[in-house]
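Letters A, B, ... are given to chains in the order of the sequence lines, protein chains preceding strands, and every chain is numbered from 1.
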Amino acid sequence: MENKFNIYNSLTRKKEAFNPIIEGRIGMYVCGPTVYSDVHLGNCRTFVSFDVIYRYLLHLGYTVRYVRNITDVGHLEGDADSGAEDKISKKARLEQLEPMEVVQHYTNGFHKMMQIFNALPPSIEPRATGHIIEQIEMVQEIIDNGFAYEKNGSVYFDTIKFAKSNDAYGKLSGRVIDDLLVETRDLKNQAEKNHPSDFAIWIKADPSHLMRWNSPWSVGFPGWHLECSVMSTKYLGKTFDIHGGGNDLKFPHHENEIAQNFGACKCAPANYWTHTNMLLMNGKKMSKSDGNSITPEELFTGNSEHISKGYSPMVIRFFMLQSHYRSTLDLTDAALLAGEKGYRRLMEANDVLMKLENATGSTDTEFDKEINSLINQAFEHMSDDFNTPMALARLFELVPKINGLKDGHLSLTDISADTLKRLKETFKVFIYDIFGLKDESLAATNGNGTMDGLMNLIIDIRQSARANKDWGTSDKIRDTLNELKILLKDGKDGTSWVKE
RNA sequence: GGACGUGUACUCAAGUGGCUAAGAGGAUGGAUUGCAAAUCCUUUAUUCGGGAGUUCGAAUCUCUCCACGUCCUCCA
């Protein structure tokens, strides 16, 4: 019973209680990147969002098979019939590389970025080019079921026929099928298709096209959308639990994916569809052509006109957690600055908490009950459609209580040993396991203790100076360390330090 | 033009019918401090884009107007 949670389903536009197909197990498919260029910051938000969802499902005790694909063929620029080119094929031609070199290069970069953001790797990361045979098989199944037709070596999905046989088409994205039917006159540049809304599932390769495979219809390559239908079916079954992706994939990608799966197996691919919302910058979509854009690297280094300084990957991850995955998130310098301070406050409170000992109170005190209540609420928020901002808010309400226990404003006699232990466990689980944050402070990353030893010596010398009212020396130590971005914190029980 | 969505304090951002509208940052006053920083305690939206309606009751539902965003071509 403890693993129950609610999830917003894009198909029904409602929050629903989650019911797995197989008790205790979850199959989740998330549309991964098309690896033809460096990973976009917006991609990072989507994958961080699904990383938190994945982590929370694991926390709830589910056995999760998390499949996130790499699209390395078939993703066209523009329309197939107007001479458009496969994105990867084009990049390979322009840079005089093998298409697989392009794919490898950007896949490596993508993996590196996911590591930087501390996103867990998926259980399976299948590539479209590794599943050409399966894709050809699915095209054949769709043809056999009468939902696709071949023209000049290319195969198109018959959206009109599908829409008439089934009410599934357009349901996810809110497209009205009647509107599709009305636009039948507009057939320019679409000579091969019966209808403009039809889409290619197998494309005959022109002679210059670099990526090509044999098929019953032509030497060619699979259409975009198809790889996700095929690989989700192969690794998760014809119908699985959760399908995710960015909001902008709803149409046409996901709509067509659903159509293909129905066309092949006459069943719906996923029970729950979840979509993450867009990352904006200064209120607008990030767009390279408008200059309203920033790369992850620029964000880390601060080398951009849009920000005043660099922000670490964990600060950015924390910043993302402060909004809900279904809301747009506006990236601004002020918001990042605020996020950086919030992240540090949380991590420092966590350090303080882990050092608290000797709670001697009973579980009957108001204070003890309040702590437990906040902890419970934090988990309840996560179970209500993965509401990370709400859960974080509850953690932040606990922060002054933790600091108060350390400073002596609050008493360890008012909290029970069990509750203190639970509080520690809660922070640990939320920060590291669920939110996937890492401690970036120097104290945490400096494992050999040299830094600690030096700092203890310096703090000791300054303490002596202060005892002798030698403010000149003590302030010089403090100010010089400040210039090195090391902050000293004078507390009741001594001085601690933190590196900015 | 069509589809979907958003508009909450100085900024970011929760909340989708009912106690005093979360949280972070900022600002403010106080405690603490040798002075600071950090920390703790206050204060900071009688109000949720404008207007009308439904309801005992709405930021939350309906209508309308305004503004913005995303998609409809490639995008997470």
Side-chain angles (χ1 to χ4, degrees), chain A residues 10 13 15 30-34 36-37 39-50 75-79 82 84 87 170 172-176 179-180 182-183 197 224 244-253 255 275-280 283-288 318-319 321-324 326-346 348-349 352 377 381 387-397 399-410 466 469-471 474-475 478-479 481-482 487-492 495-498:
Chain A
S10 301
R13 296 166 211 269
K15 262 190 224 172
V30 172
C31 289
T34 299
Y36 69 102
S37 69
V39 63
H40 182 95
L41 191 62
N43 285 255
C44 296
R45 187 205 183 190
T46 291
F47 299 131
V48 165
S49 295
F50 282 108
H75 204 152
L76 300 180
E77 294 197 325
D79 190 78
S82 54
K87 287 186 169 189
L172 180 69
S173 60
R175 307 287 142 158
V176 181
D179 291 350
L180 294 177
V182 169
E183 37 173 291
S197 66
W224 187 40
N247 221 345
D248 49 352
L249 291 181
K250 262 190 199 169
F251 189 89
H253 184 60
E255 204 67 82
H275 291 94
T276 56
N277 217 134
M278 299 294 99
L279 180 66
L280 308 178
K284 293 207 166 156
K285 170 182 155 165
M286 285 199 196
S287 160
K288 278 182 193 168
F318 176 88
F319 168 72
L321 293 170
Q322 279 189 300
S323 75
H324 188 83
R326 282 193 288 112
S327 300
T328 52
L329 173 60
D330 194 7
L331 187 89
T332 63
D333 193 51
L336 285 168
L337 223 41
E340 180 171 72
K341 294 202 173 175
Y343 164 72
R344 285 191 184 145
R345 184 167 152 83
L346 182 70
E348 284 165 25
V352 168
Q377 287 174 49
H381 291 312
N387 200 322
T388 55
M390 289 282 265
L392 256 180
R394 297 293 82 76
L395 256 42
F396 269 106
E397 287 184 58
V399 165
K401 303 190 188 307
I402 290 164
N403 286 325
L405 284 169
K406 186 206 174 199
D407 284 2
H409 294 109
L410 295 166
R466 292 180 72 202
K469 298 194 190 296
D470 179 2
W471 310 129
S474 75
D475 288 355
R478 184 175 68 194
D479 297 343
L481 287 174
N482 259 338
L487 299 182
L488 295 183
K489 298 180 177 184
D490 295 327
K492 279 211 162 60
T495 300
S496 61
W497 63 278
V498 65

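- For the pair Pro400(A)/Arg345(A), a side-chain contact is recorded, criterion being any heavy-atom separation below 4.5 Å from C-beta on.
- Look at the P atom in both U6(B) and U62(B): the space between them is 11 Å, to the nearest Å.
- In this structure, CG of Leu249(A) is placed 6 Å from P of A76(B), rounded to the nearest angstrom.
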* Asked: Quick one: what's the B/S/- string for nucleotides 4-9 of chain B, heavy-atom cutoff under 4.0 Å, read 5' to 3'?
  -> S-----

* Check step by step if side-chain contact (heavy atoms from CB on, under 4.5 Å) holds for Ser323(A) and Arg45(A). => CA-CA 11 Å; Ser323(A) 75; Arg45(A) 187 205 183 190; 3.1 Å; yes

Set out, line by line, the N/O atom pairs under 3.5 Å between protein and nucleotides 26-31 of chain B.
{"residue": "G26(B)", "atom": "OP1", "partner": "Lys341(A)", "partner atom": "NZ", "Å": "2.9"}

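- Going from the P atom of G7(B) to that of U60(B) covers 11 Å, rounded to whole Å.
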* Hey, mind stepping through Leu280(A) and Leu331(A) against side-chain contact (heavy atoms from CB on, under 4.5 Å) and telling me if it holds? -> CA-CA 6 Å; Leu280(A) 308 178; Leu331(A) 187 89; over 6 Å; no

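- If you take atom C1' in U43(B) and the same atom in C10(B), they sit 15 Å apart, rounded to whole Å.
- Distance, His275(A) NE2 to A76(B) P: 13 Å, rounded to whole Å.
- Side chain Asn482(A) to base A37(B): no donor-acceptor pair is found below 3.5 Å.
- Atom P of nucleotide A37(B) and atom NZ of Lys489(A) are separated by 13 Å, given to the nearest angstrom.
- Rounded to an integer number of Å, the gap from CZ of Arg478(A) to P of A37(B) is 9 Å.
- Taking only side-chain nitrogens and oxygens, Asn247(A) never comes nearer than 4.0 Å to OP1 or OP2 of U70(B).
- Partners of His381(A) according to the ring-ring contact (aromatic ring centres under 6.0 Å, His included) rule, which considers only residues two or more places apart in sequence or in another chain, do not exist here.
- Ranked by how close their nearest RNA chain B nucleotide is to the 5' end, Ser327(A) and Arg466(A) are led by Ser327(A).
- Atom-to-atom, NE2 of His324(A) to C1' of A14(B) comes out at 10 Å; the value is rounded to the nearest Å.
- Rounded to whole Å, the C1' atom of C40(B) lies 29 Å from the corresponding atom of U46(B).
- Within the nucleic acid shown, Lys284(A) comes within 4.0 Å of sugar-phosphate atoms alone, with no base atom in reach, counting heavy atoms only.
- Between atom CH2 of residue Trp224(A) and atom OG1 of residue Thr34(A) there is a gap of 6.5 Å, rounded to the nearest 0.5 Å.
- In this structure, Phe251(A) atom CZ and C72(B) atom P are separated by 8 Å, rounded to whole Å.
- Residue Gly339(A) is out of contact with every strand shown, counting any heavy-atom pair closer than 4.0 Å.
- Taking both residues in full, the closest heavy atoms of Phe50(A) and Gly244(A) are given as CZ-CA, 3.4 Å, listed atom of the first, atom of the second, then distance.
- Between the NZ atom in Lys284(A) and the CG atom in Asp330(A) there is a gap of 11.5 Å [rounded to 0.5 Å].
- Both key distances under 3.5 Å define a Watson-Crick or G-U pair, and stretches of 3 or more such consecutive pairs in RNA chain B run B:1-7 with B:66-72, B:10-12 with B:23-25, B:29-31 with B:39-41, B:49-53 with B:61-65.
- Asn482(A) contributes atom CG, which lies 7.0 Å from atom CG of Leu488(A) (distance to the nearest 0.5 angstrom).
- When the side-chain nitrogen and oxygen atoms of Arg344(A) are compared with OP1 and OP2 of A38(B), none of them lie within a distance under 4.0 Å.
- Looking at Thr495(A) and Arg478(A), their side chains never come closer than 4.5 Å, going by heavy atoms from C-beta outward.
- A straight line from CG of Leu279(A) to P of C71(B) spans 13 Å, rounded to a whole angstrom.
- Between Phe396(A) and Phe318(A), the ring planes are perpendicular. Angles over 60° get that label, and only those under 30° would be called parallel.
- The 5' end of RNA chain B is approached more closely, in terms of each residue's nearest nucleotide, by Tyr343(A) than by the other of Val399(A) and Tyr343(A).
- For the side-chain contact (heavy atoms from CB on, under 4.5 Å) criterion with Asn247(A), the lone passing option out of Thr328(A), Thr46(A), Asn277(A) is Asn277(A).
- Taking every side-chain heavy atom of Thr34(A) into account, A76(B) is the closest of A24(B), A76(B), C72(B).
- In this structure, Leu395(A) reaches neither bases nor backbone, as no heavy-atom distance under 4.0 Å exists between it and the strands shown.
- Heavy atoms of Ser49(A) sit nowhere under 4.0 angstrom from any nucleic acid atom.
- The nearest whole Å value for the distance from the CG atom in Asn387(A) to the C1' atom in U16(B) is 12 Å.
- Comparing U73(B) with A59(B), their P atoms sit 40 Å apart, to the nearest whole Å.
- Comparing G34(B), C12(B), U39(B) against the side chain of Asp475(A) picks out G34(B) as the nearest.
- Rounded to a whole angstrom, the distance from the C1' atom of G2(B) to that of U8(B) is 29 Å.
- Not counting sequence neighbours, the partners of Glu340(A) by the salt bridge (charged side-chain N to carboxylate O under 4.0 Å, His left out) test are Lys309(A), Arg344(A).
- Remark: Leu321(A) CG to Tyr343(A) OH distance equals 11.0 Å, nearest 0.5 Å.
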Output a table of nitrogen or oxygen pairs between the protein and nucleotides 17-22 of chain B separated by less than 3.5 Å.
{"residue": "A22(B)", "atom": "O2'", "partner": "Arg394(A)", "partner atom": "NH2", "Å": "2.1"}

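- The line from SG of Cys31(A) to NE2 of His275(A) is 7.5 Å long, rounded to the nearest 0.5 Å.
- G5(B) and U11(B) have their C1' atoms separated by 23 Å, with the value rounded to a whole Å.
- The side chain of Asn403(A) contributes no N or O atom lying less than 4.0 Å from OP1 or OP2 of U39(B).
- A heavy-atom distance below 4.5 Å is found between the side chains of Leu346(A) and Leu392(A).
- Here the straight-line distance linking atom CG of Asp475(A) with atom CZ of Arg466(A) works out to 9.0 Å at 0.5 Å rounding.
- Across all strands, Gly42(A) comes closer than 4.0 Å to base atoms (heavy-atom distances).
- Atom P of A22(B) sits at a distance of 28 Å from the matching atom of A37(B), rounded to the whole Å.
- Heavy atoms of Asp490(A) sit under 4.0 angstrom from at least one base atom.
- With its ring centre under 5.5 Å from that of the base six-membered ring and a plane angle below 30°, Trp471(A) counts as stacked on G34(B).
- Checking each of Lys406(A), Lys489(A), Lys341(A) against Glu348(A) for a salt bridge (charged side-chain N to carboxylate O under 4.0 Å, His left out) leaves exactly one that passes, namely Lys489(A).
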